[in-house]
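Notes follow once the structure below has been shown.
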Amino acid sequence: LPDAGGKLSGGLLEKDFAAAVWAYEHVQPAGRFTDTLPMTEAMYLPLRTTGTALGVLRLRWRQDSPPTIEQRTMLDGFQRHIALIVDRQRLRDAKALTRVMAESERLSRTLLNAVSHELRTPIATIKTATSGWHTGLDPAVQSSLLAEIRQASDRLDRLVANLLDMARLESGHVKPRVDWCDANDIVNAALKQVGGDLANRDISVRLPPGFPLVRVDSRLIEQALVDLLLNAAMHTPAGTPVEVSAAVEGQTVAVTVADRGPGLPAEALPRIFDKFYRAPGAAAGGTGLGLSIVKGFVEAHGGRVHAANRPAGGAAFTITLPHQEPPST
């Protein structure tokens, strides 16, 4: 079959390859038992439905005499059937490629729109804060402006980090560097990162005493928890509590981030971890990348993540990871 450039390729001897190319380009038989390059090892028959050839059928004969009329009739039938299958597959591939290109274009537009919006807000905040800065400014106002600049800078930093993480996931370059880690340390490190975003909230952490070590890439799981905590901060009313809990369930470890917000619309649950997906009625801001990054990091560990609504109100996101007993000391 031809390559993407429309040229035949294959590990044939020079003379045989020349016969195959001739049959392909001229849409005529070549090789053994034909008038074109008959000294080659095999017969080369063009595969076509209409017009140009789709490929070449290479046929090695066991007999020393030319094919009979019956053999040629059977062979013509084989050619037609194979050509139809090749053509059908070609059309299917072209349709799939068109669909992929359309989806890629859609995602590109979505990404551009989301990133553009996310960039404008913190940049506008920084410009406003710096334009209001002048010598002799009241210290309290200075402190407030600095806090706004720092918060906007953190938002920009998270946006860039999310884009880089998604690029790594898409390229397949995320390879967890697993080691035995303390789950308490991972949770505390994640909470420290989002301390400002969860200010003035009641944060409860429930890990059973003597919780076993977990074998994970601490940086990736910490980032997954950060994204879940930021998701709770963004989509729940200020002042509502957030809970982090963990449990060993047989051969798995489950870590849950739960809130007391409005919960998730039923139609959003199947798509909540899709790239760029934003649930109906979601608060303004965000690119729709955070939860898909969580999914990618967790699945890189052989785990899974799922979302559910809590019976008493709110949403719960649970990371489930494979668990094994740590080595004895």
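FYI, side chains are in, hydrogens and waters are out, and symmetry mates aren't considered; it's all heavy atoms of this structure.
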When the side chains of residues 45-61 are checked against the rest of the protein, which donor-acceptor pairs come out under 3.5 Å, sequence neighbours left out?
| residue | atom | partner | partner atom | Å |
| --- | --- | --- | --- | --- |
| R58 | NE | Y44 | OH | 2.9 |
| R58 | NH2 | E41 | OE1 | 3.0 |

Quiz item: Can you name the residues that form a ring-ring contact (aromatic ring centres under 6.0 Å, His included) with H26, not counting sequence neighbours?
Solution: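 With sequence neighbours excluded, H26 shows a ring-ring contact (aromatic ring centres under 6.0 Å, His included) to W22, given in chain and number order.
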
Self-check item: For D3, salt bridge (charged side-chain N to carboxylate O under 4.0 Å, His left out) partners two or more places apart
Solution: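 Salt bridge (charged side-chain N to carboxylate O under 4.0 Å, His left out) check on D3 returns nothing, list empty.
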
Quiz item: Which pairs with one or both residues in residues 313-323 pass side chain to side chain donor-acceptor pair (under 3.5 Å), sequence neighbours excluded?
Solution: T256-T318

Any residue meeting side chain to side chain donor-acceptor pair (under 3.5 Å) with [X], in chain and number order, not counting sequence neighbours:
X: D259; result: none
X: D93; result: Q89
X: E148; result: none
X: R201; result: T236, T240

Give me each pair satisfying salt bridge (charged side-chain N to carboxylate O under 4.0 Å, His left out) with a member in [range], each pair once, sequence neighbours excluded.
range: residues 205-230; value: R206-E243
range: residues 230-240; value: none
range: residues 79-88; value: D87-R90

Show me the donor-acceptor pairs, under 3.5 Å and distance only, between side chains in residues 177-192 and residues at least two apart or in other chains.
| residue | atom | partner | partner atom | Å |
| --- | --- | --- | --- | --- |
| D182 | OD1 | N184 | N | 2.8 |
| N188 | ND2 | N184 | O | 3.1 |

